Engineer: 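Encoded as structure tokens, here's the structure I'll be asking about.
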Amino acid sequence: MPIFVISLGGSVVTSNPLDMKFIKEFSEMINSTGKEDKFCIVIGGGKLARSYITALREAGINDNILDEIGINATRMNALSVSPFLRDCNTKIPTTINEAAEMLRIYRCVVMGGTEPGHTTDTVAALLAERVGSKTLINGTSVDGVYERDPKKYPDARKFKALDYNKSIEMAVQGSLGAGPSVFMDVTSLNIARRSAIKIVVIDGKNISQFRDVIAGKAHSGTTIS
Ligand code: UTP
């Protein structure tokens, strides 16, 4: 029975406050895939997290509390998505252990963050490792991994495929510079490498891309393996 883990960027589900059209379409797509498929969906914090973190950071609040604020935002977003998914948890798990147990009961488990110090990408990688999933789909605000920031360099080349080492090298370099966050955090890539979990980075707003990856068809994102 295939288990797909999806890391759904907060920017994909939140708008002002939520992108309800996207949430309904995404849920319909998940609800209508093969009976045998199971899903773990880890939701990011998006605008909700960012607005609180920015305001509190300016007031000098420490990073550990800011992370806790971010985690609460991810859980609120996760709870907002779960009612639209068939055979899905209604209580948001707070640990990987709890989520793995829930997957024995439900077809679909939705969660947000766990503890300070990482992002929901790492939660998704840890959960994939725990439940034995071989595919982690990262639905994010870019449509793949580029050699350079495509917003700054419109002619930047998108990778069709990348190996773990190259992706980790790029994520480390990206995390050293100021500015927008990298395509995935380094810890999540390290976990994927040690357990040979394939990562597919796709445009999170493009529902047909999820459908293609789940069906094992060609997609236009980047595969890290
Ligand atoms: P996200 O996973 O959405 O972070 O969690 P992000 O990747 O920085 O945000 P996007 O996807 O680019 O919008 C939001 C914040 O919540 C905290 C972190 O502070 C993170 O930046 N967080 C989340 C944790 O501390 N631990 C977790 O397990 C998850």
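Counting starts at 1 for both ligands and their atoms, following the listed order. Everything numeric in this text was worked out from a predicted model, so none of it was measured. All residue numbers in this chain count up from 1 along the given sequence.
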Engineer: Any side-chain heavy atom of T74 within less than 4.5 Å of one from I43?
Structural biologist: no

Engineer: On the 0 to 90° scale, with breaks at 30° and 60°, tag the F4-F39 ring pair as parallel, tilted or perpendicular.
Structural biologist: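 Parallel: the ring planes of F4 and F39 meet at under 30°.
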
Engineer: Are S220 and Q209 side-chain neighbours, meaning at least one heavy-atom pair lies under 4.5 Å?
Structural biologist: yes

Engineer: Counting only N and O atoms by type, is there a donor-acceptor contact under 3.5 Å from the side chain of T222 to the main-chain atoms of F159?
Structural biologist: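 A pair under 3.5 Å: yes.
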
Engineer: List ligand 1 atoms under 4.0 Å from G113, heavy atoms only on the residue side.
Structural biologist: 27 (C), 28 (O), 29 (C)

Engineer: Decide whether an N or O pair under 3.5 Å exists between I53 and ligand 1.
Structural biologist: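 There is no such contact.
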
Engineer: Specify side chain, backbone, both or neither for R50, according to which of its non-hydrogen atoms lie closer than 4.0 Å to ligand 1.
Structural biologist: side chain

Engineer: Any atoms of ligand 1 less than 4.0 Å from a non-hydrogen atom of G45? List them with their elements.
Structural biologist: 1 (P), 3 (O)

Engineer: Can you sort out which atoms of ligand 1 are near H118, meaning under 4.0 Å from one of its heavy atoms?
Structural biologist: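 So the answer, numbered in order with elements, is 18 (C), 22 (N), 23 (C), 24 (C), 25 (O), 26 (N), 27 (C), 28 (O), 29 (C).
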
Engineer: Heavy-atom pairs closer than 4.0 Å: do any link ligand 1 to the side chain of D67, the backbone, both, or neither?
Structural biologist: both

Engineer: For atom 2 (O) of ligand 1, which candidate among T74, T120, N77 holds the nearest heavy atom?
Structural biologist: T120

Engineer: Show which atoms of ligand 1 fall inside a sub-4.0 Å distance from at least one heavy-atom site of E115.
Structural biologist: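 Answer, ordered by atom number: 24 (C), 25 (O), 26 (N), 27 (C), 28 (O).
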
Engineer: Quick one: which ligand 1 atoms are inside 4.0 Å of a heavy atom on G117?
Structural biologist: 25 (O)

Engineer: Which atoms of ligand 1 are found less than 4.0 Å from any heavy atom of V123?
Structural biologist: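 The list of qualifying atoms is 28 (O).
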
Engineer: Counting heavy atoms only, name the option from G70, G204, P116 that's nearest to atom 16 (O) of ligand 1.
Structural biologist: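 Heavy atom nearest to atom 16 (O) of ligand 1 belongs to G70.
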
Engineer: Could you see which bit of T140 sits under 4.0 Å from ligand 1, with heavy atoms only: side chain, backbone, both or neither?
Structural biologist: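 Contact part for T140 vs ligand 1: neither.
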
Engineer: Is the closest side-chain heavy-atom distance between S167 and V145 below 4.5 Å?
Structural biologist: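 In short, these two side chains do not touch, never coming nearer than 4.5 Å.
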
Engineer: If I compare all heavy atoms of M102 with all of K91, which pair ends up nearest, and what's the gap?
Structural biologist: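 It is CE-O, 3.4 Å.
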
Engineer: For atom 28 (O) of ligand 1, tell me which residue out of T119, D121, T114, I71 has the closest non-hydrogen atom.
Structural biologist: T114

Engineer: So, the side chain of S82 versus the backbone of T90: is there a donor-acceptor pair under 3.5 Å, distance only?
Structural biologist: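 Side chain of S82 to backbone of T90, a donor-acceptor pair under 3.5 Å: no, none is there.
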
Engineer: Might you point out which heavy atoms bring A156 and R148 nearest each other, and give the distance in Å?
Structural biologist: CB-O, 3.4 Å

Engineer: For V110 and I92, work out which heavy atoms get closest and say how close.
Structural biologist: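 In this case the closest contact between V110 and I92 is O-CD1, 3.8 Å.
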
Engineer: What atoms of ligand 1 come within less than 4.0 Å of a heavy atom belonging to G44?
Structural biologist: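 Counting from 1, the qualifying ligand atoms are 3 (O).
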
